[in-house]
Each structure stands twice: as structure tokens, then as C-alpha cells.
Amino acid sequence: MNEPAPQRIDFLCHEIERHNYQYYVLDDPLISDAEYDSMFRELQSLERQYPSLVAPDSPTLRIGAPPLQAFAKIRHRTPMLSLNNAFSEAEVLAFDDRIRELLNIPVVEYAVEPKFDGLAVTLVYRDGLFVQGATRGDGETGEDVTQNLRTVRNIPLRLNQEQTTCPIPLIEIRGEVMMFKEDFFELNRRQTERGEKTFANPRNAAAGSLRQLDPQATSRRHLSFYAYGTGVVEGYILPDTHSGQMESLKELSIPVPLQRRVVHGTEGLLAFFREIGELRKDLPYEIDGVVYKVNNIAQQARLGYVARAPRFAIAHKFPAEEALTTVLDIEVQVGRTGALTPVARLVPVFVGGVTVTNATLHNEEEMRRKDIRIGDTVSVRRAGDVIPEVVRVLIERRPLDTMEFQMPKVCPVCGSHVTKEADEAVWRCSGGLFCPAQRKRALLHFASQRALNVDGLGEKLVDQLVDRNLVHTPADLYQLDLQTLTRLERMAEKSAQNLLDAIEHSKQTSLARFIYALGIRNVGEATAKELARYFVTLNKLLAADKASLQLVPDIGPVVAQSIAAFFFEPHNIKVINQLRAAGVQWPEEVNHGVPVDSLNGKIFVLTGTLVSMSREEAKSKIEALGARVSGSVSKKTSYVVAGAEAGSKLGKAVELDVTVLNEAEFLALLTRK
Ligand code: IVH
């Protein structure tokens with residue numbers, strides 16, 4: 001070879017990546033595998049000879065990285081959200097109605113695309129170079145899987161920027177990593193051959209493969225990526241529609257789904273749903289529905305977000321799969337809040353991609369309505385991550401000797417009497433934290449990943465800790481020592497120490513996680529976050545009454561009542577104090593936003609129409625924060641809130657140099673986002 005090494009290396013890098021793109025993105029190889037391999041080996045050998053010439057986007061980096069000890073955590077620049085679901089045409093019509101009403105337009109333009117059944121990741125490109133990739137994690141923080149994502153052959157290591165005048169300083173691309181059905185079957189075949197565990201479905205296989213600490217292991221797993229949007233973009237203006245943005249990504253050589261369209265109104269949405277439904281079985285990857293997104297980005301911004309999901313998009317899911325099996329037994333489980341749930345033990349059956357052995361019967365009323373008995377042949381349904389359930393009984397197959405199942409009159413775990421409130425369908429154990437089942441569930445919830453995240457505190461361990469009276473409340477976890485733990489079954493000194501380390505580690509947390517961990521009825525993760533954001537300190541939350549709790553976005557009277565009732569109980573306050581005394585803490589979020597009472601005495605003027613609330617609601621929220629609303633703008637006005645089609649008051653505000661807030665800024669001020 002006469003060509004100097006630097007030029008040859010550069011040429012090979014480009015050629016190999018070009019052929020990667022042809023093969024993995026366009027599905028249109030231009031050369032044979034042998035020719036490709038020979039170029040790859042030549043590049044490897046040149047790079048070995050001249051290590052200083054290895055380019056940051058060399059295709060050899062797709063296989064070479066050394067194994068990691070653990071994944072680093074990455075905080076997403078903007079949160080990775082989820083989608084609300086629609087399971088019926090009626091829900092799709094309601095979605096479209098809502099959008100038309102909020103935007104006040106007769107027909108909405110939507111961008112529509114498949115809903116990939118993989119796992120969400122985000123890819124960061126700086127100056128065109130792939131520099132970082134992370135999993136979704138809890139939406140705020142994910143895991144750094146950059147090296148593993150480099151092994152995904154259809155992810156470009158460098159963006160194709162022929163169309164752009166200069167490299168894009170920063171662009172974050174969001175999408176889904178998947179394993180093609182073919183690769184999944186092949187992987188399971190190999191796993192069986194080697195006597196290793198097989199995967200339940202392509203999504204689990206993709207997730208397991210992406211979370212390998214050894215990138216070489218990921219590299220052998222054949223994953224694929226498809227983009228469905230962007231995150232933060234700096235120094236570059238993307239088109240003002242979702243469909244336009246997807247076109248731009250495609251030009252940058254990012255893989256985007258082939259089946260994407262722009263449609264108008266619900267007819268277009270439903271036609272796409274049917275079309276993709278028919279195509280589903282022939283697609284190389286698994287999809288579990290389609291996604292509808294308002295196409296215009298400015299309209300998306302006006303619609304905004306509720307909790308963790310955008311208002312401008314919805315996932316229309318395919319109906320769940322069903323299969324027939326037999327009920328072997330019915331057991332009654334006691335949940336965290338004492339609810340008694342009848343659960344059917346089933347003859348194992350493969351449905352919706354996994355083997356199902358249990359199905360929830362929800363509560364006594366549901367069980368009676370469907371008349372489910374031991375010995376019955378039933379149809380079970382499973383969709384996505386939801387708990388499998390029994391849809392119906394095949395009465396014609398019922399054996400002669402069945403009996404109606406009777407709910408127990410006392411708690412099957414602690415023997416306390418069971419109660420049912422007038423407006424509720426569930427029986428509850430009245431034992432509270434006296435009931436070991438409730439205590440166990442509460443502890444598992446407290447220790448779960450999204451709460452205080454005590455790694456390694458699983459069901460078996462919690463069973464032992466509670467059954468041996470070593471732990472009564474979450475606060476007791478922080479009093480455990482090595483000696484006590486090593487006396488437990490299957491607890492060598494090393495695992496005991498690991499658990500103590502995990503408990504110690506869990507002390508550094510956030511207020512939102514702490515609130516969620518308490519397991520207050522009706523307070524899920526999203527509500528906990530809103531509470532933390534709103535009240536900023538725990539003491540302010542503890543001091544809040546039902547009325548001020550309802551000022552928090554998405555909190556109504558029922559949730560406010562649960563929260564107030566929880567903090568009213570002295571034993572709950574005692575546990576909170578013990579946890580704080582044991583060292584559970586979070587950064588004081590003093591600089592996080594405007595202090596709670598900082599709107600005291602401020603004067604607001606409202607003009608135009610707000611999308612997210614009526615004028616009355618806005619007024620009462622402002623007043624609840626100690627400020628007041630005036631009808632006209634003067635020099636004394638603190639803020640003018642300008643909604644859509646704001647009138648002359650906006651002009652006056654500009655004239656008098658009064659701060660003008662748009663709707664998003666106003667909401668941020670109210671909720672301190
Ligand atoms: S858009 C702002 N589009 O579904 C919301 N998500 O259930 C961003 N997903 O976490 C999501 N296909 O991982 C969007 N075409 C698609 C998708 C898609 C699959 C996943 C995504 C998200 C989850 C929400």
C-alpha cells in the first residue's frame with residue numbers, strides 16, 4: 001500500500017461507516033461480507049501500528065472497549081418522559097377532542113409512527129461526534145451506556161452533516177433500542193445450546209444486552225436503534241414540525257422508522273392504526289401500538305405536559321393478547337395499604353411474550369362478577385408491563401363440583417378483622433403496621449429503586465427481618481448491624497456488609513424520593529415530585545393543610561385528604577423523625593426556585609386565554625400564594641400574565657416595563673419548576 005497511513009486510516013473509517021449505513025440503515029449492502037471484513041481487519045492492524053491515529057469515530061471503537069465495573073449515572077438534560085395510553089377508539093376520539101378544544105382549531109395535523117417495544121435511550125452528539133448515550137432510568141437520571149451503544153451498528157458514530165453549513169454544537173437524539181425478532185430467536189437458540197438462560201421476549205433481551213458491563217458482550221447481541229424525537233439542541237434550528245424534524249434526523253444519517261406519516265383528524269389516526277396493525281406481524285421488530293403526536297411544535301408547546309407525559313401525544317396500544325388456562329387455586333394477598341387481593345394460581349401459559357403463572361382477580365366484586373372459581377378454564381390477558389388478569393370464565397368447561405370462593409373474614413396473615421368502606425370495592429386488613437404483610441410491603445416499597453433504593457433488600461430478606469421481629473418500620477433498617485444480619489439465612493459476611501453499605505448509601509436521597517418512600521396512599525412518584533417541587537422543604541409539607549395541598553398541580557381533594565391523614569398520625573411523624581435522626585437527608589433545595597411565600601403582596605394582571613386553567617382557577621392559585629389579582633395594569637403591577645390572544649393590557653405592560661409572563665413562565669412561578 002503506497003498511500004500514507006493517516007490517509008489510508010481516514011479512508012477506511014469512512015468507507016466502513018458508509019457500508020455500515022448501507023447495510024444496517026438502508027438494508028442495501030453494496031459489498032460482500034468478505035470485502036467488509038477485509039477492510040475492517042486492515043483498519044485494525046493499521047490502528048495497532050499507529051495508536052495515535054485512532055479517530056474518535058473509528059468503527060473499531062464499536063467493538064474494542066474494556067469491561068466496566070459499574071455504569072455511571074447520568075442526569076438527563078431534560079427529563080425523558082412517558083406517554084399516556086389509549087386502548088380504544090373512544091379514547092382516541094376523546095384525545096383529539098381535547099386537543100381541538102385546547103388549541104381551538106377544527107382539524108389537527110398529527111405525525112404518526114409505530115410504538116417500538118424496546119427500551120428508551122438518549123444519544124448525545126457534540127460537533128457531530130457521538131459522545132454519550134444513556135438509558136432512560138427513572139426519567140431524570142439514567143445509566144451511562146455509551147460504550148455499549150457504540151456497538152449498535154446502525155447508530156452513527158459521526159453525523160452526516162453534508163446538508164448543514166457547520167457541525168451542530170450539541171444535539172440529543174431520543175429513541176428506542178430493540179432486538180429484531182430474528183436476532184432474538186437466534187440469541188435464545190444459542191443460549192439454550194450453551195445451557196444459559198433464555199429471554200422472555202425481545203424487549204427483555206434488548207434490555208439485558210444493553211446493560212452488559214462488557215461492551216464486547218453487547219456487541220455480540222445485534223441491537224438496533226430507531227429515533228422518535230430530540231432532546232436538547234444547541235446552536236442549530238430544527239424544523240418547526242415533528243415530521244420535519246424526523247426528516248432532518250434522517251438526513252443526519254440517524255435511523256428513523258419507515259412507517260411514519262402525517263395525517264389529519266381522527267380518521268387519519270385510526271386508518272394508520274389499522275394499517276400498522278396489519279403490518280405488525282411482518283415487521284422485523286416488535287411494536288405494541290402506534291404513537292400520535294401533534295405535528296406542529298409550537299402547538300405542542302402550547303399543550304404542554306401533565307405530570308410525566310405530554311398532552312400533545314398519546315400511544316394507541318394494540319389489544320392485549322389472550323390465552324386459555326386453568327385456575328389451580330385462589331389465594332388472598334395483603335398489599336401495602338392492607339387491601340386484600342384475590343390472586344389466581346394458574347397452569348403456566350405463554351401469553352404476550354412471557355409465561356404467566358398468576359393473575360390478579362382485583363377484588364371480591366370483580367371475582368363475583370366474572371364468577372371465577374378454582375378448577376375453571378379461564379382466558380387470561382397480559383399487555384406490556386401490567387399484571388396479568390383473568391378476562392372471563394369458559395362456563396361450558398366448568399367441572400361439576402366447583403364452589404364460589406369465599407373471601408376470608410379475617411386477614412389471612414395477621415388475623416385482624418377486615419373492613420370495607422361504603423364506597424370501596426376492596427376489603428382491607430385493619431392491622432395496619434401490626435400486620436406483617438403490610439409491614440413487609442411497606443418496607444419493600446421504601447427500599448425500592450425509585451424510593452430510597454436500598455440495593456439488595458429483596459422479598460426473602462424482608463420476610464426474615466419482619467418474621468424475626470428485627471425490623472418494624474423503615475427507620476429500624478438504619479439500626480441493623482453486621483452481627484444481626486449474619487445470623488440470617490443465606491447471609492454471609494460479605495452480603496451482610498453489602499447490604500449495610502446499601503443502607504448507608506440510601507441515606508443520601510432527595511425530598512421527592514423520601515416522600516414517595518413513605519408510601520402515603522394515593523401518592524405515587526409523580527405526585528411526590530410535585531409535592532417536593534412545590535413545598536421545597538419537608539417542614540413546609542408537614543405544615544400544609546388540605547387547602548394548600550390542593551394548590552399543588554394535579555392534587556385534588558382525595559389525594560390531599562390521604563396526605564393530610566398520613567401526617568396527622570403521630571406514629572408516622574415518629575418514623576419520619578427517626579429516619580431524619582438516623583441521617584436520612586437530601587440537599588436543602590434553597591436555591592431551587594422562588595421561596596414559597598415570595599409572592600406575598602405581589603400584584604398580578606391576567607390577560608388573554610390560558611390553556612391550562614380558567615381565569616378563576618388562576619386567580620385562586622395566585623391568591624393562595626399571598627398575592628392578588630388586579631383588573632388594570634399600572635406601575636404597581638408586579639406581573640402581567642399573557643395568555644393566547646392577549647389584549648391591550650399586554651401593550652400597556654410593555655409600555656410601563658412591567659414583567660410579562662407567558663403561560664409556561666406563570667406555571668413555573670406557581671409550581672416553582
Ligand atoms: S415519544 C415525550 N414515540 O414509549 C414522549 N415514544 O410509553 C416521548 N416509545 O418512553 C416519547 N416508540 O421509550 C415516542 N414512536 C415513539 C415511541 C416511543 C416507543 C416509547 C418511549 C417512551 C415510551 C412511553
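The structure presented is a predicted model; accordingly, all values stated were derived computationally and were not measured. Just follow the structure's listing: the first ligand is 1, and inside any ligand the first atom is 1.
- Among residues at least two apart or in separate chains, there is no ring-ring contact (aromatic ring centres under 6.0 Å, His included) pair with a member in residues 227-260.
- Using cut-offs of 30° and 60° for the angle between ring planes, the Tyr516 and His445 rings count as perpendicular.
- Take Ser209 and apply the side chain to side chain contact (heavy atoms under 4.5 Å, CB included) test, not counting sequence neighbours, and it matches Met179, Arg221, Leu223.
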Practice problem: Output, in order, the C-alpha distance, side-chain angles, deciding distance and verdict of side-chain contact (heavy atoms from CB on, under 4.5 Å) for Asn85 and Ile314. | Solution: CA-CA 6 Å; Asn85 292 322; Ile314 200 160; 5.8 Å; no
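- Using a heavy-atom distance under 4.0 Å as the criterion, the protein contacts of ligand 1 are Leu81, Ser82, Leu83, Glu113, Pro114, Lys115, Phe116, Ala120, Arg136, Glu176, Tyr228, Val291, Lys293, Pro310.
- Screening residues 120-157 for ring-ring contact (aromatic ring centres under 6.0 Å, His included), with sequence neighbours left out, gives Tyr125-Phe130.
- Each of Val294, Val108, Leu102 was scored for a side-chain contact (heavy atoms from CB on, under 4.5 Å) with Phe312, with one residue passing: Val294.
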